[in-house]
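Small disclaimer: the values here were computed from a predicted structure and weren't measured.
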Amino acid sequence: MTDPQRPLAGRAALVTGASRGIGASTAAHLARLGANLTLVARDAAGLQRVAQAVGELESQALCVTCDLRDPAATERAFASAREAFGPLEILVNNAAALHMGPFQDLSPEDWRAMSELNLGAALRCAQHALAEMLPLGRGVIVNVASVAGVSGVPTLPGLVGYATTKGGLIAFSEALGAEVAPHGVRVLAVSPGSVQTDMLRAAAPEHVEGAMTPGQVGRVIARLACDESAALHQTNVILWGDPKSPGKA
């Protein structure tokens, strides 16, 4: 019988960008619900801190230091996850890059860095995850997008490139979700407003006060991974945060 307090008990989950911020909080909430976690990021020390927290929540954690822009390294990360915990049932694509500035100053290098991580890596991770989920006939992919991909964020200029990648991630979620739903796999996007992350502190510190916490976003993502959310007929879950400031990123 399923423990209502740990509805994800024994299920294998992989979270990218898991060493801090939304990724770390999502991992903690998934662990509270019973999932076994593969934590993927470039920051090995940060991953170890998150793994320790996961262990204290009576779930198992595997740390994989990986640059998701490297297809071969990404493939190895999924192979390690499968070896540790069996077929993957939950994927959270959270890793992201942000470069702010006027569109006219957006360099090809900055555009490639954002598009390759924010969108390209998410697509590759989804392909690896689906290779395990489709034979099972079940699974959940949650892509962490942004309200920037919906509204353009008029109150926070300089996000054209970032907004483009996040808008693409939302469209990807909708299209992929329609394709794999008949096979028992759900695909969702979560689009937060301002969140108190290191990325926001570095890019726009004036927007940190009053922003959502990573824990608030992580809690939503973890609940979306549960079977109880299967009846949700909404691909893009928008978390505006402060209702007085709907345009925050």
Going by atom types alone, do R49 and S19 pair a side-chain donor with an acceptor below 3.5 Å? no
Measuring only between side-chain heavy atoms, which start at C-beta, is V142 closer than 4.5 Å to V190? yes
Any link between L57 and V15 through a network of hydrophobic side chains (Ile, Leu, Val, Met, Phe, Trp, Tyr) touching at under 4.5 Å? no
Can you get from L30 to V40 by hopping between Ile, Leu, Val, Met, Phe, Trp and Tyr side chains that sit under 4.5 Å apart? no
Please report the closest heavy-atom contact between A95 and G17, naming both atoms and the distance. CB-N, 3.8 Å
Correct closest heavy-atom pair for I170 and N236 would be CD1-ND2, 3.7 Å
What are the two closest heavy atoms between C125 and F78, and how far apart are they? O-CZ, 3.5 Å
When rounded to the nearest 0.5 Å, the distance separating OG1 of T165 from NE2 of H99 is 10.0 Å
N36 side chain to S59 side chain, donor-acceptor N/O pair below 3.5 angstrom: no
Step through the shown structure and confirm whether more than 12 heavy atoms of other residues, nucleotides or ligands are within 6.0 Å of CD on Q5. no
Closest non-hydrogen contact found for L134 with H183 is CD2-CB, 3.7 Å
Within 6.0 Å of CD in E58, more than 12 heavy atoms from elsewhere: no
When you look at V220 and L224, which way does the side-chain contact (heavy atoms from CB on, under 4.5 Å) test go after all the steps? CA-CA 6 Å; V220 171; L224 289 173; 4.1 Å; yes
Under the criterion salt bridge (charged side-chain N to carboxylate O under 4.0 Å, His left out), I'd like the reasoning laid out for E56 against R32: C-alpha separation, chi angles, the key distance, then a yes or no. CA-CA 10 Å; E56 293 171 356; R32 288 188 182 94; over 6 Å; no
So do the side chains of E89 and L136 get within less than 4.5 Å of each other, counting heavy atoms only? yes
Apply the test side-chain contact (heavy atoms from CB on, under 4.5 Å) to residues V147 and I238: give CA-CA distance (whole Å), side-chain angles for both, the deciding distance (0.1 Å), then the verdict. CA-CA 7 Å; V147 297; I238 300 175; 3.7 Å; yes
Pair R82, H128 - check side-chain contact (heavy atoms from CB on, under 4.5 Å), show working. CA-CA 11 Å; R82 184 170 58 253; H128 287 297; over 6 Å; no
Heavy-atom check, side chain of M133 versus side chain of I141, under 4.5 Å: yes
Does the side-chain contact (heavy atoms from CB on, under 4.5 Å) test come out yes or no for L8 and C226, once each step is laid out? CA-CA 7 Å; L8 300 179; C226 296; 4.0 Å; yes
Going by heavy atoms in the side chains, are R6 and L33 under 4.5 Å from each other? no
Could you check whether atom CD of E83 has more than 12 heavy atoms from other residues, nucleotides or ligands sitting under 6.0 Å from it? no
Assess, by modelled atom type and distance only, whether the side chains of T16 and N94 contain a donor and an acceptor separated by less than 3.5 Å. no
Applying a strict under-4.5 Å side-chain criterion to I, L, V, M, F, W and Y, I'd like to know whether L119 and I22 cluster together. no
